[in-house]
Amino acid sequence: MKPLLVAALALGLPAAALAQTSPPAGSPRLPPAAAPSPVAAAKPAQLGLCVACHGENGTARQPGTPHLGGQDEAYLALSLNAYRDGSRKAAAMNAISNALQPDDIEALARWYASQPGFRPPAER
Ligand code: HEC
């Protein structure tokens with residue numbers, strides 16, 4: 001009996017340990033992908049170069065222009081750097097990103113990532 005009890009305990013312990021570290025059912029481990037950055041971003045100095053097309057809050061104002069609000073910050077910075085070095089080609093963005101310094105790119109990426117995501121016109 002004793003060896004059996006020891007075996008049962010040995011098997012039971014890891015399960016108990018797992019049960020303690022697992023989150024309760026239904027509680028997600030990661031925040032939702034579109035969660036805005038917790039730190040409110042200051043308005044970037046160069047935001048004025050972007051608003052005519054992407055809007056101040058990242059909801060695009062021009063047909064054919066992507067919404068930027070709530071987009072992943074690292075992706076926004078990567079895209080701007082790619083337009084700037086010419087590895088990603090789109091005439092308007094290649095021209096505009098030439099006017100940006102690395103600090104501007106960082107500030108603009110942080111700003112747009114912290115804005116609410118796209119809302120259809122009826123909800124704006
Ligand atoms: C004249 C209109 C216009 C202006 C002004 C403009 N953009 Fe764009 N932007 C576009 C268009 C059009 C695209 C899509 C280009 C493509 O096909 O890659 C784009 C793409 C982007 C993307 C990539 C989005 C994605 O989902 O891949 C980023 C980031 C971006 N713009 C940031 C900016 C920022 C920051 C500014 C201001 C410094 C700015 N844009 C100014 C028109 C504009």
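In this text, all values refer to a predicted model and were calculated from it rather than measured experimentally. When a ligand or atom number is given, it counts from 1 through the structure's own listing order.
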*asked:* Test of understanding: with side chain to side chain contact (heavy atoms under 4.5 Å, CB included), list the residues that count as partners of D72, not counting sequence neighbours.
replied: A74, Y75
*asked:* Does anything in residues 53-62 form a salt bridge (Lys or Arg N to Asp or Glu O under 4.0 Å)? List the pairs, not counting sequence neighbours.
replied: K43-E56
*What part of R88, side chain from CB on, backbone N/CA/C/O, both or neither, has a heavy atom under 4.0 Å from ligand 1?*
side chain
_Pair L47-L108, side-chain contact (heavy atoms from CB on, under 4.5 Å): steps then yes or no_ = CA-CA 7 Å; L47 187 61; L108 288 162; 4.1 Å; yes
*For the atom pair CE (M93) and CG (L80), what is the distance rounded to the nearest 0.5 Å?*
5.0 Å
*Compute the minimum heavy-atom distance from G64 to ligand 1 and say whether it is under 4.0 Å.*
yes
*Give the intermediate values and the outcome of side-chain contact (heavy atoms from CB on, under 4.5 Å) for residues L76 and I105.*
CA-CA 8 Å; L76 291 172; I105 288 180; over 6 Å; no
*Short question: side chain of R88, backbone of S79 - any donor-acceptor pair under 3.5 Å?*
no
*With the side chain counted from C-beta on, respond yes when S114 and E73 share a heavy-atom pair under 4.5 Å apart, and no when they do not.*
no
*asked:* Just verifying a value: how many Å separate Q71 CD and Y112 OH, rounded to the nearest 0.5 Å?
replied: 13.0 Å
_Keeping to distances under 2.8 Å, can you name the protein N/O/S atoms close to atom 8 (Fe) of ligand 1?_
H54 NE2, M93 SD
*Tell me which protein heavy atom sits closest to atom 25 (C) of ligand 1, plus the residue, atom name and distance to 0.1 Å.*
Y75 OH, 3.3 Å
*With sequence neighbours excluded, give me every side-chain hydrogen bond (donor to acceptor under 3.5 Å, both in side chains) pair touching residues 90-104.*
none
*Would you mind telling me if ligand 1 is within reach of the side chain of L80, the backbone, both or neither, using heavy atoms under 4.0 Å?*
side chain
_N or O contact, Q46 vs ligand 1, cut-off under 3.5 Å_ = no
*For atom 29 (C) of ligand 1, what's the nearest protein heavy atom and its distance?*
L76 CD2, 3.6 Å
_Per-atom contacts of ligand 1 with L49, taking only distances under 4.0 Å to non-hydrogen atoms_ = 5 (C), 37 (C), 38 (C), 41 (C)
